[in-house]
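Below, all heavy atoms of this structure are taken into account, side chains as well, without hydrogens, waters or symmetry copies. Numbers here simply count residues along the sequence, with the first being 1.
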Amino acid sequence: MKNIPTELLRTFTTIVDLGGFTLAGALLGRSQPAISLQVKRLEDLLSIRVFQRNNGLQVTEEGEVLLGFARRMLDINDSAVTRLAKSRISGQVRLGIPNDFEVSFLPRLLSQFGQAHPEVSLEVNCDLSVTLLKDFQQGHYDLVLATDSLEETLQPNTEDEFHETIVWVTNGHFDWFDQQPIPLVVYPIGCRYRQQIISKLNAAGIAWRIAYSSSSLLGIQAAIEAGLGISALAQSTVPQGLHSHLKIENSPRLGHVKLVFKHDQSNQTDATKRLYEYLYTGLEQSSS
């Protein structure tokens, strides 16, 4: 009977979650060649192929089967380690995150944090960044991740900032017609992506119209998939099934968005500090 090393399973699941060997290596502290070698060891051990590399990085049918087992095995492993380690961190953390991050890699990070610190209660809310920042100032959150002022510079001003590329998002079948206003699928007024799209299109002299507006990422995704229009999101948050583009025909590039953590460093619990460190590391690796 063969035994599958958990480190190989963790590498495999991390590649799938982050969408690439390089990002997985950065998060796991290994070089890209080392990550490739671990995948080969896993494939040789099981005599299967887990990735189809002819058309991008696609998980094979056998890889999908292994992925389900791998997640359960790692959950059991991590739960055992956590239980025996007897983490002393406890308490409640009120966390606010932007709507477009609710279905990206953040849920996986929060799940892993919960397994590592089962005595910490997370109260997570998704909303527009402008609302999150306002509510943070009023003391409704212990920690907030939000999009802040949009800038063209790529150099963060503080250690709590990251920059993400904003991309156009389509269903893959969008046709650009110069004589017609561009149909936009956007978040409500106050969304920084919406501000950036309209500002860039106005500067380029391109006509536009609001075709659909929703405060939910799932609503935005459904409208794009249905062909109602196009939108823009941070590159790392584009849902599977949609297509990202730096440019579409004559469209302008959309620049970058600043992601910023808001927390009171002088007055925070150990649980808040640990969650911040966990999310900061995840964002740092995903944006590298």
State, to 0.1 Å, how close [X] and [Y] come at their nearest heavy-atom pair, and which atoms those are.
{"X": "Ala271", "Y": "Ser90", "result": "CB-O, 3.7 Å"}
{"X": "Ile166", "Y": "Gln196", "result": "CD1-CG, 4.0 Å"}
{"X": "Pro252", "Y": "Ile206", "result": "CD-CD1, 3.9 Å"}
{"X": "Ser231", "Y": "Ile197", "result": "C-CD1, 4.3 Å"}
{"X": "Val16", "Y": "Val59", "result": "CG2-CG2, 3.9 Å"}
{"X": "Tyr187", "Y": "Ser214", "result": "CD2-O, 3.1 Å"}

In the structure I gave you, are the side-chain heavy atoms of [X] and [Y] within less than 4.5 Å of one another anywhere?
{"X": "Val260", "Y": "Val144", "result": "no"}
{"X": "Thr170", "Y": "His245", "result": "yes"}
{"X": "Tyr212", "Y": "Ile224", "result": "no"}
{"X": "Arg194", "Y": "Ser213", "result": "yes"}
{"X": "Ile35", "Y": "Leu28", "result": "yes"}
{"X": "Leu143", "Y": "Leu145", "result": "no"}
{"X": "Val257", "Y": "Thr165", "result": "no"}
{"X": "Ile97", "Y": "Leu279", "result": "no"}

- [ ] Check the side chains of Thr14 and Thr11 for a donor-acceptor pair under 3.5 angstrom, ignoring hydrogens and angles.
- [x]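 No, Thr14 and Thr11 have no side-chain donor paired with an acceptor closer than 3.5 Å.
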Task: Test item: side-chain donor near acceptor, His263 and Thr272, under 3.5 Å - done: no
Open item on the list: Would you compute the distance between atom CZ of Arg72 and atom CG of Leu67 and round it to the nearest 0.5 angstrom?
Closed with: 10.0 Å
Open item on the list: If I take atom CD from residue Glu123 and atom NE2 from residue His140, how far apart are they, to the nearest 0.5 angstrom?
Closed with: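 Rounded to the nearest 0.5 Å, the CD-NE2 separation comes out at 11.5 Å.
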Task: Aromatic ring pairing Phe261/Tyr276, orientation class (parallel under 30°, perpendicular over 60°, tilted between) - done: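 Rings of Phe261 and Tyr276: perpendicular, as their planes differ by over 60°.
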Open item on the list: Using 30° and 60° as the class boundaries, would you call the ring planes of Phe113 and Tyr278 parallel, tilted or perpendicular?
Closed with: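 Perpendicular: the ring planes of Phe113 and Tyr278 meet at over 60°.
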Open item on the list: Could you walk me through whether Leu9 and Asn77 satisfy the side-chain contact (heavy atoms from CB on, under 4.5 Å) test, starting with their C-alpha distance in whole Å, then the side-chain angles of each, then the deciding distance to 0.1 Å, before giving a yes or no?
Closed with: CA-CA 11 Å; Leu9 296 178; Asn77 177 86; over 6 Å; no
Open item on the list: So, applying salt bridge (Lys or Arg N to Asp or Glu O under 4.0 Å) with Arg10, which one of Asp17, Asp78, Asp75 is it?
Closed with: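 Of Asp17, Asp78, Asp75, salt bridge (Lys or Arg N to Asp or Glu O under 4.0 Å) with Arg10 is met by Asp78 alone.
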Task: Sequence-distant partners of Phe136, ring pair (Phe, Tyr, Trp, His ring centres under 6.0 Å), two or more places apart - done: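 Applying ring pair (Phe, Tyr, Trp, His ring centres under 6.0 Å) to Phe136 gives none.
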Open item on the list: Using modelled atom types and a 3.5 Å cut-off, is there a donor and acceptor pairing between side-chain atoms of Ser121 and backbone atoms of Gln92?
Closed with: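 No: the side chain of Ser121 does not pair with the backbone of Gln92.
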Task: For Glu7, all residues meeting side chain to side chain contact (heavy atoms under 4.5 Å, CB included), sequence neighbours excluded - done: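 Counting only residues at least two positions away or on another chain, Glu7 forms a side chain to side chain contact (heavy atoms under 4.5 Å, CB included) with Pro5, Arg30, Gln38, Arg41.
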Open item on the list: Out of the candidates Leu218, Leu132, Leu128, only one should pair with Asn99 under the side-chain contact (heavy atoms from CB on, under 4.5 Å) rule; please name it.
Closed with: Leu128
Task: Sole residue of Ile182, Leu242, Val169, Val185 in side-chain contact (heavy atoms from CB on, under 4.5 Å) with Ile230 - done: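 Testing each of Ile182, Leu242, Val169, Val185 against Ile230, the sole residue satisfying side-chain contact (heavy atoms from CB on, under 4.5 Å) is Ile182.
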Open item on the list: Do the side chains of Glu43 and Arg49 get close enough for a salt bridge, i.e. N-O under 4.0 angstrom?
Closed with: yes
Open item on the list: Taking the basic N atoms (NZ, or NE/NH1/NH2) and the acidic carboxylate oxygens, is any pair closer than 4.0 Å for Asp142 and Lys262?
Closed with: no
TODO: Step through the shown structure and confirm whether more than 12 heavy atoms of other residues, nucleotides or ligands are within 6.0 Å of CD on Glu61.
DONE: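 Open: at most 12 neighbouring heavy atoms sit under 6.0 Å from CD of Glu61.
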Open item on the list: Quick check on Asp270: does its CG atom have over 12 non-hydrogen neighbours (other residues, nucleotides or ligands) under 6.0 Å away?
Closed with: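 Not buried by this count: 12 neighbours or fewer within 6.0 Å.
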Task: salt bridge (Lys or Arg N to Asp or Glu O under 4.0 Å) involving Lys40 - partner list, sequence neighbours excluded - done: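 Expected list: Asp44.
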Task: Check against side-chain contact (heavy atoms from CB on, under 4.5 Å), Leu57 and Phe21 - done: CA-CA 9 Å; Leu57 189 66; Phe21 282 52; 3.6 Å; yes
TODO: Report the C-alpha separation of Leu95 and Asn125 in whole Å, then their side-chain angles, then the decisive distance to 0.1 Å, and conclude whether the side-chain contact (heavy atoms from CB on, under 4.5 Å) test is met.
DONE: CA-CA 6 Å; Leu95 172 68; Asn125 186 50; over 6 Å; no
Open item on the list: Determine whether Leu23 and Leu27 satisfy the following criterion, side-chain contact (heavy atoms from CB on, under 4.5 Å), listing intermediate values before the conclusion.
Closed with: CA-CA 6 Å; Leu23 289 176; Leu27 183 61; over 6 Å; no
- [ ] Check the pair Ser36 / Gln32 against side chain to side chain donor-acceptor pair (under 3.5 Å), numbers first and verdict last.
- [x] CA-CA 6 Å; Ser36 297; Gln32 194 272 341; 3.2 Å; yes
